[in-house]
Each structure stands twice: as structure tokens, then as C-alpha cells.
Amino acid sequence: MAVAPTKPTLLAEILARPDETIRAYQRGGISSAVLRELAAEAEHPELRRFLASYPETPARLLEQLAAGDEPEMVREALAGHARAPRAVLMQLAGDASPRVRQAVAGNRALTPQVALLLAEDASVAVRLALAANPAIPPRTQAQLAQDPHPLVRSTLLGQSRLDAETQRQLAETADPLARVEAIAGAEATDHALLAWADSDQEIAQTALLLRRSLPDKVLESLCFSTHPDIQRQALERHRLSTDELLGWSQSEQPAVRILMAGRPGLPPAIQRLLGEDPAADVRQALAGNPELDETVALLLAGDADPAVQTALALNPNLAAAALAALCASSSRIVRKLAAARPDLAAEHIALLLEDGDEEVVYHLAGNEAAGNAPPPGPAGKWVRHRLPTLRTLPARCPEHAHKLVHDPAPGVARFARAALA
């Protein structure tokens with residue numbers, strides 16, 4: 001504080017506002033002389049609580065307070081004092097008040113002996129405070145790892161420096177939640193992570209995948225998990241070499257090949273291999289890959305399975321030749337999807353118009369990408385069609401616009417006038 005308080009002013013503050021005064025002087029600021037004068041006349045419990053809380057109170061005075069028959073509030077303040085002597089903490093660790101024992105459990109100055117004593121305390125609140133104390137030694141951590149209360153074990157897992165043996169205990173406990181929390185969140189060596197991955201235990205492997213990052217060797221181990229969902233997640237996260245991609249693309253499990261088929265950055269040679277896969281689901285996954293090679297796309301455009309062509313028609317990145325093959329597909333659904341694509345060129349529009357399928361042409365008429373320049377030859381077939389939407393296609397061609405400039409449908413006439421302008 002800016003001005004050191006005198007005994008009368010400090011005494012008045014303590015008696016009037018004890019809690020506020022304790023907080024105000026947590027950084028010191030009281031002269032030794034004033035502190036001695038207060039200690040000499042500390043008849044009021046609030047004054048003794050202040051002395052037991054003040055960070056610069058001498059250890060000798062703290063011992064004197066501990067030796068007296070003090071109320072709980074004073075004993076609790078003593079129990080949490082950073083400079084409390086070991087003998088005082090040992091004494092207060094056996095206090096009848098759980099609040100006092102809890103304060104000792106949270107004190108970073110507690111000794112290993114006191115910590116072991118409190119690890120067996122009947123109060124869960126005391127054990128919780130101990131589990132949260134970063135100063136507890138490994139032996140106490142190991143004891144708390146076996147605590148019957150899940151909150152104590154969970155609190156222990158929040159330690160930034162958790163002993164390796166304690167972590168192993170928590171990872172092997174019968175409580176599945178504690179196991180998951182231990183493996184997913186606690187600090188661990190690469191050796192420990194790999195051991196959990198190699199265990200092939202579903203809970204352990206699932207918890208590993210909850211970690212934000214994993215070493216390559218751990219992910220590689222998880223790729224060989226016997227649990228399909230774990231294997232899939234590991235394969236998605238693992239950076240595979242070309243040889244590894246090739247190997248997994250030849251897996252006996254279709255689900256793995258499907259995963260590979262949709263993977264970004266898949267080399268064209270592996271794409272061609274998967275493009276001839278006997279499982280249609282694999283070829284379908286490949287057809288939807290946005291990084292599909294042009295030659296592979298053309299191969300899949302002629303696939304006998306309509307689902308493969310459908311996935312290809314929904315692929316946002318297609319070469320012109322593959323799209324042309326889809327426009328000539330025998331599947332109406334595929335042609336309708338092609339008609340709605342934003343990357344249609346004149347050759348594609350011509351193929352779709354020549355098809356003669358009203359539903360396909362209807363989709364084409366609603367596609368803004370095909371709105372400006374439909375080929376006049378194929379478009380002429382729809383000049384007298386009963387549906388106005390289909391007549392908008394020839395209306396956009398100067399060669400046919402004069403026939404539709406007085407069309408009863410306002411939208412058709414508007415297109416015709418725009419084409420003749």
C-alpha cells in the first residue's frame with residue numbers, strides 16, 4: 001500500500017471489515033513494529049485470524065497461534081498459510097474440522113507425510129483439495145489414483161505433472177470414464193501412447209483418438225486396429241506414404257478401400273487401381289473424390305453401376321470429356337444431374353437437348369449456366385412445346401427468338417426480346 005498503516009488504524013480496519021482487510025494486505029505492507037504490536041494485543045479472534053492469514057507473519061508467531069485454543073476460522077487460516085511450520089501442518093492435518101484439513105490439503109507447503117495422511121481422510125472435500133495440489137509427491141498421487149470417489153481421480157488427472165506410474169494406474173482402472181480421461185487428457189510419453197495403441201483395447205484406442213495430436217508410430221498402430229471405426233479414424237488422420245496408400249487400397253476390407261478412394265491427394269495410379277475395384281461402393285467413393293484424375297473420371301463415366309455415375313455427376317470437378325459422357329448416359333437421373341451443373345459447355349448442352357427427355361431439358365432450362373447460348377439446332381425442337389419453361393431455351397437463340405417474341409408466357413417473350421435486342 002502507498003502509506004504503511006499505524007496500529008490504531010489497522011486495528012480499526014480489521015475489526016470493522018476483517019475479510020476486506022485480509023485481502024487488502026495479502027501482498028504485505030505492514031511494518032514489523034506494527035505487526036509486533038498487533039500480536040502483543042491480539043485478544044480478538046478476528047485480529048488473530050488476520051495474523052494467521054498475513055503472508056509475512058513470522059513462523060514463531062504462527063506456532064504460538066497453533067498452540068492456543070483457537071476457533072475454526074483461525075485454524076483454517078493457519079492451515080493455508082504458505083509459511084506454516086511443518087509441525088503446525090501435521091497438527092492441523094488431524095483437526096476435527098474438515099474445513100481446516102481441507103486448507104492443509106491445498107497448502108503447497110505440506111510435507112509428504114502430511115499428504116499421505118490426508119490421502120486417507122474420510123472427507124471427500126479434503127481428498128479433492130489434495131488431488132488438486134500440484135505439490136503432492138508421486139506416492140500420494142499413486143494413492144489418490146486408487147481413491148474410491150471418481151471426482152478425486154478426475155481431479156488428479158488435472159495435474160500438469162502426473163507421475164508415470166500414477167497415470168498407468170488410472171489408465172488401467174476398472175472405471176471406464178477414468179480410463180478414457182487418463183488416456184485422452186493426461187501428459188504421456190510416446191512409449192506409453194504406443195503401448196495403449198498396441199493393446200487393441202477399444203476404450204484405450206478410442207481415448208487416444210480424442211487427443212489433438214498423436215505421434216506417427218501411434219497412428220500407424222491404430223491403423224491396424226481390429227475395431228473398424230478406430231481404424232477408419234486413424235487412417236483419416238495418418239499421413240500415409242505412396243506405398244502405404246497402395247497397400248491400404250488393396251486391403252481385403254471394402255470399408256478401408258472406400259476410405260482410400262475418397263482420400264485427397266490420391267496418386268492417379270492408385271486412382272486407376274480403385275477405378276477397377278470389384279466393389280461398386282469403392283468406385284462410387286472414388287467418383288466423388290474432388291481430386292479425381294481426368295482419365296479415371298472418363299473410365300467411371302462409363303461404369304455400368306448407375307450409383308457410380310450419379311456420384312460422378314455430383315463431383316464438383318470434372319473434365320469436359322467425362323461430363324460429356326455423363327450427358328449421354330442411359331440414366332435419366334444422371335442426365336438430370338448433369339443438366340444442373342454450372343460448368344456446362346455448348347457441347348454438353350447440345351447432348352442434353354438432343355436427348356429429347358422433357359425432364360432433362362426442364363432441368364437444363366432452369367440452369368443459369370445454360371441460359372445464354374443454347375445451340376440453335378437442338379433448341380429449335382422446343383419452340384412449340386406446351387411448357388413455357390422449355391420454350392425459354394429456344395427463346396434465348398436469335399435464330400428462334402422472332403417466333404416467340406409474342407409468346408403468351410411473359411418469361412418466354414422477355415427472353416425472346418432480349419435475344420433480338
Side-chain angles (χ1 to χ4, degrees), residues 275 283-421:
R283 304 195 304 277
Q284 182 179 348
L286 181 65
N289 192 322
E291 299 181 18
L292 192 61
D293 180 74
E294 182 176 347
T295 59
V296 178
L298 192 57
L299 170 68
L300 294 174
D303 198 286
D305 193 307
V308 176
Q309 291 190 359
T310 299
L312 193 65
L314 293 171
N315 191 320
N317 301 318
L318 276 186
L323 181 52
L326 293 179
C327 291
S329 171
S330 59
S331 168
R332 170 182 284 176
I333 293 177
V334 172
R335 296 195 307 276
K336 286 165 65 174
L337 289 172
R341 289 182 64 94
D343 53 352
L344 292 177
E347 60 171 315
H348 305 129
I349 297 172
L351 286 169
L352 293 167
L353 286 172
E354 288 175 358
D355 175 78
D357 189 314
E358 288 187 5
E359 291 188 27
V360 174
V361 177
Y362 189 87
H363 277 71
L364 185 63
N367 187 347
E368 294 183 3
N372 295 326
K381 176 181 178 180
W382 310 96
V383 169
R384 302 186 182 282
H385 198 276
R386 67 185 185 283
L387 294 177
T389 299
L390 298 187
R391 297 200 301 274
T392 60
L393 283 170
R396 299 167 188 174
C397 303
E399 294 83 351
H400 305 296
H402 65 280
K403 304 173 187 177
L404 298 167
V405 73
H406 298 298
D407 192 279
V412 176
R414 184 171 63 253
F415 274 114
R417 289 195 296 271
L420 293 173

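The first residue in the sequence is number 1, and the count goes up from there. Excluded from the calculations below are hydrogen atoms, water molecules and symmetry mates; all remaining heavy atoms, backbone and side chain alike, are included.
With sequence neighbours excluded, the residues satisfying side chain to side chain contact (heavy atoms under 4.5 Å, CB included) with Leu299 are Glu276. Under the side chain to side chain contact (heavy atoms under 4.5 Å, CB included) criterion, Ala319 pairs with Glu294, sequence neighbours left out. Every side-chain hydrogen bond (donor to acceptor under 3.5 Å, both in side chains) that Glu359 has, sequence neighbours left out, goes to Arg332, Lys336. Considering only residues two or more places apart in sequence or on other chains, Arg283 meets the side-chain hydrogen bond (donor to acceptor under 3.5 Å, both in side chains) condition with Asp303. Residues satisfying the side chain to side chain contact (heavy atoms under 4.5 Å, CB included) criterion with Ala324, sequence neighbours excluded, are Glu347, His348, Leu351. Taking the side-chain hydrogen bond (donor to acceptor under 3.5 Å, both in side chains) definition, one finds that Gln309 meets it with Ser329, sequence neighbours left out. Evaluation of the side-chain hydrogen bond (donor to acceptor under 3.5 Å, both in side chains) rule for Thr295 yields Asp293 as partners, not counting sequence neighbours.
The salt bridge (Lys or Arg N to Asp or Glu O under 4.0 Å) analysis of residues 377-391, with sequence neighbours excluded, yields the pairs Glu358-Arg386, Arg391-Asp407. Counting only residues at least two apart or on different chains, the ring pair (Phe, Tyr, Trp, His ring centres under 6.0 Å) pairs with a member in residues 383-411 are Trp382-His385.
Pairing each heavy atom of Leu318 with each of Ala297, the nearest pair is CD2-CB, 4.2 Å. Here the shortest heavy-atom pairing between Val412 and Ala395 reads O-CB, 3.6 Å. Of all the heavy atoms in Val383 and Pro394, the pair that sits closest is CG2-CB, 3.7 Å. The heavy-atom pair separating Ala339 from Val360 by the smallest distance is CB-O, 3.7 Å. Nearest approach of Ala301 to Ala322, heavy atoms of both residues: CB-O, 3.9 Å. Pairing each heavy atom of Ala313 with each of Leu337, the nearest pair is CB-CB, 3.8 Å.
Rounding to the nearest 0.5 Å gives a distance of 6.5 Å between CG of Leu292 and CG of Leu312. If you take OH on Tyr362 and CG on Leu393, they are separated by 11.5 Å, rounding to the nearest 0.5 Å.
Between the side chain of Asn317 and the backbone N or O of Glu291, no donor-acceptor pair lies under 3.5 Å. Not a single donor-acceptor pair under 3.5 Å links the side chain of Arg335 to the backbone N or O of Leu352. At distances below 3.5 Å, not a single donor-acceptor pair connects side-chain atoms of Asn367 with backbone N or O atoms of Pro342.
Arg341 pairs in a side chain to side chain contact (heavy atoms under 4.5 Å, CB included) with only one of the listed residues (Leu314, Leu323, Leu364), which is Leu323.
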What side-chain donor-acceptor pairs closer than 3.5 Å can you find for residues 413-421, not counting sequence neighbours?
none

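In this structure, the side chains of Leu286 and Val308 stay at 4.5 Å or more apart for every pair of heavy atoms.
Within a 6.0 Å sphere centred on CD1 of Ile333, other residues, nucleotides and ligands contribute 12 heavy atoms or fewer.
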